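A quick note: this is a predicted structure, and the numbers were derived from the prediction, not measured. Convention: sequence-line order gives letters A, B, ...; per-chain numbering from 1.
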Amino acid sequence: MDKRWVLLSKFGYFSSGTLGFGGQNASNITTIKGRKIMIRNWLAKTVHDRLSKEFDGEFPSVDIGVPKTESYGDFSSNIAFGLAKLLRKSPAVIAAEFGSKLDIPGVNVSWVGGFINFKLDDSFLFEKWIHSHSAEIPPVTVPEKMLLEFVSANPTGPLHIGHGRWAVIGSCLANILKAVGHDVQSEFYVNDAGNQIALFRASVAAVASGQPIPDNGYHGDYVRMLATTTASVDDPVEAMRQSQSDVLESMGTTFDQWFSEKTLHESGKVHEVIQDLRRAGVVYDSEGAVWFRTTDFGDDKDRVLIKSDGALTYFAVDIAYHADKLARCGNRLINIWGADHHGYVARVRAAVAVLNQGATIDFDIIIGQLVSLLKDGEPVRMSKRTGELVTLDEIIEEIGRDATRFFLAMKSADSTIEFDLALAKKQSSDNPVYYVQYAHARICSIFRKLGIHEALPVELISINSAERDVISWGLQFSDEVHNAADHLAPHRIVHYLVELARRVHTMYEQSPILKSGDGLKHQRLHILNQARQILSAGLSLLGISAPEEM
RNA sequence: GCGCUUGUAGCUCAGCUGGAUAGAGCAACGGACUUCUAAUCCGUAGGUCACAAGUUCGAAUCUUGUCAGGCGCACCA
């Protein structure tokens, strides 16, 4: 909860709902700094001020929401329900009493049942629109420094669609968090040490020298490809990592750091961190091995750090990696992992709990559900070792970068998704990405026809419902971006954009520009100009192009 | 067996920090191109929000249980 608001309120129990004034949503805070007054917050504050005049004592929080049914207005409040208990009256009566006292210039107040609804006058709304730069996102007041780790595929084979999903979610998230003002570093952890790496190197070397591939080694065409050039025979791991990097870059995902696991071994960091844990009293020796008592932190069983043969476990190395990240990340550490690693969460959280002594760093693990790949409805089994693969670069080539990104970004990370190759290829022209892009292109086309780039000075003539719909939705853009950032949920941006595009298309049909008189023309151009900027900004957050022509 | 996660329209999915009549795209059906790009728009139809209890003014949303799918339960990485 915003501390400033605690001071403002004379009662201690404001809800932390993001819709409310004073909630945890960082975007709310911007009202006070006066950077930009978002309408919803302004309204919440206005209503709150009136309430505090009416009631000396305590009263519940003011939550301003957006009604699902547009006929109810632009905003609504449920304060009457909260007041009902205090006042021992029905919500409907309270809503009528209080609603009738709410005299806010430019805002039409009505009440239905216990709800108090607000509808902004067209002129008021348009005024807000003109003076806002809706595509701009006001920054949070307390920017955080954070480190976001994602993909981190083993450099022993090509990336597949699942990696593509983490790449898209991760890069969108990085964009979104940066957009609201945070300092975000993105990182790929390269598992370039250990048994699998040795086996991979041996496999490539074997093929290069005409020897049989070792048992449990890596097969597949990509191994044979690597064996054909001297550079990749010398260092197949780096060659593989580079090709992963190339694929990711081709789909618009880049990283600030590629962190090598090998460096942790070489620097002795792993043994150092085990000593740290030992000093913290969570390590014990048993059966010739060194254990971390992770059960103290809710794990199912204790975990081995150093095996009885003296070798380090992957977990031990990963702790060292997390220790390193904690030292670098600033305020917050975010990992994106596939659901196949969720069993790993408890032990890593245990380690971070010990290492993050002051508990000053927030630690989030986003568990993304897996992508099951289908071909004509039949599941495609994939194995890196046997070389049965449908690779990410094949998919990008077939479906296209923008459509692939949009498809992967539009679903929340915790739903499993099915990716049917044949269907995706067949339906790629139905991908909603084109719907959004087309809305952008259509607006550009109008400006192109007029030979101008910006909207002209304007005053309100009269707006129709289609135009109003674009404005009221467009004004919520920065709210949505903050929302997506707060929830680490990039898919919200996708759904926001689809809805904005829908409203733009409707307006396009209903509000002719070129053949309208100057007044209407300029007014409509102004609306579309900002819509275009929002579409462009939103698509950019998703790493998707906003074409001017299609 | 234990844990995490999911179950919403024929299909793919939003909505889940509790609010009003549960939404979109695709598919289906009927309309709109002599018009700023029809990759569009308008309309119709489509629902036991898996099931059952509970919490309360109010539950798709929170709690518990049941059923079903996915994933995980190593001195592997």
Side-chain angles (χ1 to χ4, degrees), chain A residues 15-20 23-25 63 65 67-69 71-72 76 78 80-82 84-85 90-92 112-115 117 154 156 191 193-197 199 261 286-291 299-301 303-315 317-318 338-346 367-370 372 407 410-412 414-418 420 423 427 429-435 437-439 441-450 466 486-487 491-492 494-495 498-499 501-502 504-516 521 524 528 549-550:
Chain A
S15 95
S16 58
T18 51
L19 299 189
Q24 63 194 2
N25 182 349
D63 280 347
K68 275 184 251 177
T69 310
S71 60
Y72 287 126
S76 72
N78 59 1
F81 290 95
K85 243 181 210 166
S90 80
V112 181
F115 290 93
N117 300 318
N154 288 347
T156 54
N191 296 123
N195 297 338
Q196 295 304 314
I197 290 296
L199 205 50
E261 176 191 347
S286 173
E287 302 165 55
V290 176
W291 297 73
D299 198 4
D300 295 337
K301 61 186 293 280
R303 307 291 172 175
V304 170
L305 297 173
I306 304 176
K307 295 184 253 183
S308 50
D309 67 0
L312 295 162
T313 60
Y314 179 84
F315 178 44
V317 183
D318 211 19
D340 53 342
H341 288 93
H342 79 254
Y344 204 68
V345 170
I367 295 297
Q369 297 300 311
L370 303 176
S372 49
F407 179 84
M410 73 187 299
K411 292 154 195 202
S412 85
D414 48 27
S415 77
T416 53
I417 55 180
E418 291 187 346
D420 192 311
L423 206 61
Q427 293 187 340
S429 63
D430 290 332
N431 190 306
V433 72
Y434 302 118
Y435 185 81
Q437 289 180 322
Y438 186 45
R442 274 182 142 180
I443 298 173
C444 290
S445 166
I446 292 169
F447 279 84
R448 201 163 46 237
K449 282 251 166 29
L450 285 168
D486 291 346
H487 291 86
H491 72 275
R492 292 181 183 229
V494 178
H495 291 276
V498 171
E499 177 62 20
R502 195 181 70 74
V504 165
H505 283 306
T506 299
M507 176 176 163
Y508 184 93
E509 302 281 340
Q510 293 184 11
S511 297
I513 310 288
L514 300 185
K515 59 182 104 157
S516 297
K521 182 193 287 179
R524 289 170 178 174
L528 289 180
E549 284 179 84
M550 288 176 71

Legend entry - Complementary nucleotide for G18(B) - Watson-Crick or wobble, under 3.5 Å: none
Legend entry - Base A20(B) paired with Asn117(A) side chain (donor-acceptor, <3.5 Å): yes
Inset, instruction - Quick one: closest heavy-atom pair of Ser308(A) and Ala289(A), and the distance? - result: N-CB, 4.0 Å
Inset, instruction - Name the pairing partner of U56(B), where a pair is Watson-Crick or G-U wobble with both distances under 3.5 Å, or state none. - result: none
Inset, instruction - Would you mind classifying the nucleic acid contact of Ile367(A) as base, sugar-phosphate or nothing, using non-hydrogen atoms under 4.0 angstrom? - result: nothing
Inset, instruction - Searching all strands shown, indicate the nucleotide that pairs with G1(B) (Watson-Crick or G-U wobble; both distances under 3.5 Å). - result: C73(B)
Legend entry - Base C75(B) paired with Ser308(A) side chain (donor-acceptor, <3.5 Å): yes
Inset, instruction - Using the C1' atom as the reference point in each nucleotide, state the distance between A14(B) and A39(B) in Å, no decimals. - result: 22 Å
Inset, instruction - Would you kindly give the CG-to-P distance between Asp340(A) and G3(B), to the nearest whole Å? - result: 20 Å
Inset, instruction - Give a yes or no on whether a donor-acceptor pair under 3.5 Å exists between the nucleobase atoms of G19(B), that is its base, and the side chain of Asn78(A). - result: yes
Legend entry - Rounded C1' spacing from U64(B) to G70(B) in Å: 23 Å
Inset, instruction - Would you indicate, yes or no, if A14(B) has its OP1 or OP2 atom less than 4.0 angstrom from a side-chain nitrogen or oxygen of Ser412(A)? - result: yes
Legend entry - Donor-acceptor pair between Arg524(A) and Ser516(A) side chains, under 3.5 angstrom: yes
Inset, instruction - Mind checking Ala439(A) for me? I need base, sugar-phosphate or nothing, with any heavy atom below 4.0 Å counting as a touch. - result: nothing
Legend entry - P gap between C71(B) and C13(B), integer Å: 15 Å
Inset, instruction - By nearest nucleotide on RNA chain B, pick out whichever of Val304(A) and Pro91(A) is the more 5' one. - result: Pro91(A)
Inset, instruction - Check Phe315(A) against Tyr344(A) and note the closest heavy-atom contact, atom names and distance. - result: CA-OH, 3.2 Å
Inset, instruction - Considering non-hydrogen atoms only, spot the tightest contact between Met410(A) and Pro432(A) and give its length. - result: CE-CG, 4.0 Å
Legend entry - Distance-only donor-acceptor test, Glu287(A) side-chain atoms vs C75(B) base atoms, 3.5 Å: yes
Inset, instruction - For U17(B) and U6(B), measure between their P atoms and round to the nearest Å. - result: 12 Å
Inset, instruction - Indicate, yes or no, whether a donor-acceptor pair under 3.5 Å links the base of A77(B) to the side chain of Thr313(A). - result: no
Legend entry - Ionic contact status for Arg442(A) with Glu549(A), cut-off 4.0 Å: no
Legend entry - Integer angstrom distance from the P of U40(B) to that of C2(B): 50 Å
Inset, instruction - Write down the distance separating the C1' atoms in G30(B) and U66(B), rounded off to the nearest Å. - result: 45 Å
Legend entry - Touch class at under 4.0 angstrom, heavy-atom based, for Glu499(A) against every strand present: nothing
Inset, instruction - Remember a base hit wins even if backbone is also touched, and classify Ser511(A) as base, sugar-phosphate or nothing at under 4.0 Å, heavy atoms. - result: base
Inset, instruction - For Tyr72(A) and A20(B), say yes or no: do the ring centres fall under 5.5 Å of each other while the ring planes differ by less than 30°? - result: yes
Inset, instruction - Mind calculating the distance between CG (Leu514(A)) and P (U35(B)) to the nearest angstrom? - result: 13 Å
Legend entry - Any strand: nucleotide that pairs with U12(B) via Watson-Crick or wobble, under 3.5 Å: A24(B)
Legend entry - Closest nucleotide among G72(B), C13(B), C41(B) to the Glu509(A) side chain: C41(B)
Inset, instruction - Indicate, with a heavy-atom threshold strictly under 4.0 Å, whether Lys515(A) touches base, sugar-phosphate, or nothing. - result: base
Inset, instruction - Verify the contact: side-chain N or O of Lys68(A) to OP1 or OP2 of A20(B), cut-off strictly under 4.0 Å; return yes or no. - result: yes
Legend entry - A68(B) to G31(B) separation - C1' atoms, rounded to the nearest Å: 42 Å
Legend entry - Interatomic distance, Ile513(A) CD1 vs U35(B) P [rounded to whole Å]: 17 Å
Inset, instruction - Report the base-pairing partner of C67(B) (Watson-Crick or G-U wobble, both distances below 3.5 angstrom), or none. - result: G7(B)
Inset, instruction - Write down the partner of G43(B) under the Watson-Crick or G-U wobble criteria, each distance required to be under 3.5 Å. - result: C29(B)
Inset, instruction - Kindly confirm whether the side-chain ring of Phe81(A) is stacked on the base of G58(B), judged by centres under 5.5 Å and planes under 30°. - result: no
Legend entry - Pair Ser412(A), Asp414(A): side-chain N/O donor-acceptor within cut-off below 3.5 Å: yes
Inset, instruction - In whole angstrom, give me the gap between the P atoms of A50(B) and A60(B). - result: 10 Å
Legend entry - Value in whole Å for how far the P atom of G3(B) lies from CG of Asp299(A): 14 Å
Inset, instruction - For Ile446(A) and for Asp309(A), find the nucleotide of RNA chain B with the closest heavy atom, then tell me which residue's nucleotide is more 5'. - result: Ile446(A)
Inset, instruction - Find out whether Asn191(A) and Tyr314(A) are in side-chain contact, i.e. whether some heavy atom of one side chain is under 4.5 Å from a heavy atom of the other. - result: yes
